[in-house]
Amino acid sequence: RKEVEQDPGPFNVPEGATVAFNCTYSNSASQSFFWYRQDCRKEPKLLMSVYSSGNEDGRFTAQLNRASQYISLLIRDSKLSDSATYLCVVNTGSSNTGKLIFGQGTTLQVKP
Amino acid sequence: DGGITQSPKYLFRKEGQNVTLSCEQNLNHDAMYWYRQDPGQGLRLIYYSQIVNDFQKGDIAEGYSVSREKKESFPLTVTSAQKNPTAFYLCASGDRGVGNSPLHFGNGTRLTVT
């Protein structure tokens, strides 16, 4: 089993739709979780950190489910500009180990 | 402005040659990382360093070498032993030991070996 797994998609949705991505992780000791966005041929950029209590930033909501070992990203009212690859990132040990593992990414295409 | 700089953006080499990719940061971050990304794939960890003069192998370290002589710099050498070196290489930095500390990425170096 991979340490961090995502459904690669692509997810094709119309503008205005709500879409959700999940990401599972294998190490129950993981403590830090993030969502990154990567545009074609560019470097990944931090979208949001994922906190235990869940967190929201505008149209984006991130949640953590420790019991089932997954994190999720919900995008409401999708925009054309949301089209990108979304990467989940998990620190596979304690916060001091510094080993951050990326999922393979989920591709989102928002259509007019 | 604080940031992380990779150079060059594009690099072309002949098979059998070693090549060194530069990565410099002025964010005062302790930790630095090298990832490789192949087309349509996620990022795979090559090497990481949590402090000066110390570094650890990632998942795909074979054929690569690094050094961390200065806090600001973490160069990656792609040796001739690396079987498939053509890829997009990303350097990142972050705070060591800080819970929920995200990574900051450089713009990447696209290496093509023919």
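In what follows, chains carry the letters A, B, and so on, assigned in the order in which the sequence lines appear, proteins first and then strands, with residues in each chain numbered from 1. The model shown is predicted, which means the values in this text are computed figures rather than measured ones.
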Heavy-atom cut-off 4.5 Å, strictly under: side chain, backbone, both or neither for [X] against chain A?
X: R110(B); value: side chain
X: L90(B); value: side chain
X: Q37(B); value: side chain

Would you say [Y] ends up clustered with [X] if hydrophobic residues are merged whenever their side chains have heavy atoms under 4.5 Å apart, either directly or through other cluster members?
X: L64(A); Y: L47(A); value: yes
X: I46(B); Y: L11(B); value: yes
X: V113(B); Y: L76(B); value: yes
X: F105(B); Y: Y10(B); value: no

>> Counting only non-hydrogen atoms closer than 4.5 Å, does Q6(A) touch chain B with its backbone (N, CA, C, O), its side chain (CB onward), both, or neither?
In response: neither

> Counting heavy atoms not belonging to E62(B), are there more than 12 under 6.0 Å from its CD?
Replying inline: no

> Is the number of heavy atoms from other residues, nucleotides or ligands within 6.0 Å of NZ (K71(B)) greater than 12?
Replying inline: yes

> For the residue pair L100(A) and Y35(B), what are the closest heavy atoms and their distance?
Replying inline: O-OH, 2.6 Å

> How far apart are the closest heavy atoms of Q38(A) and F88(B), and which atoms are they?
Replying inline: NE2-CE2, 4.3 Å

> Which one, G108(B), G106(B), G58(B), leads in non-hydrogen pairs under 4.5 Å with chain A?
Replying inline: G106(B)

> When you look at L43(B) and V89(A), which way does the side chain to side chain contact (heavy atoms under 4.5 Å, CB included) test go after all the steps?
Replying inline: CA-CA 10 Å; L43(B) 277 67; V89(A) 185; over 6 Å; no

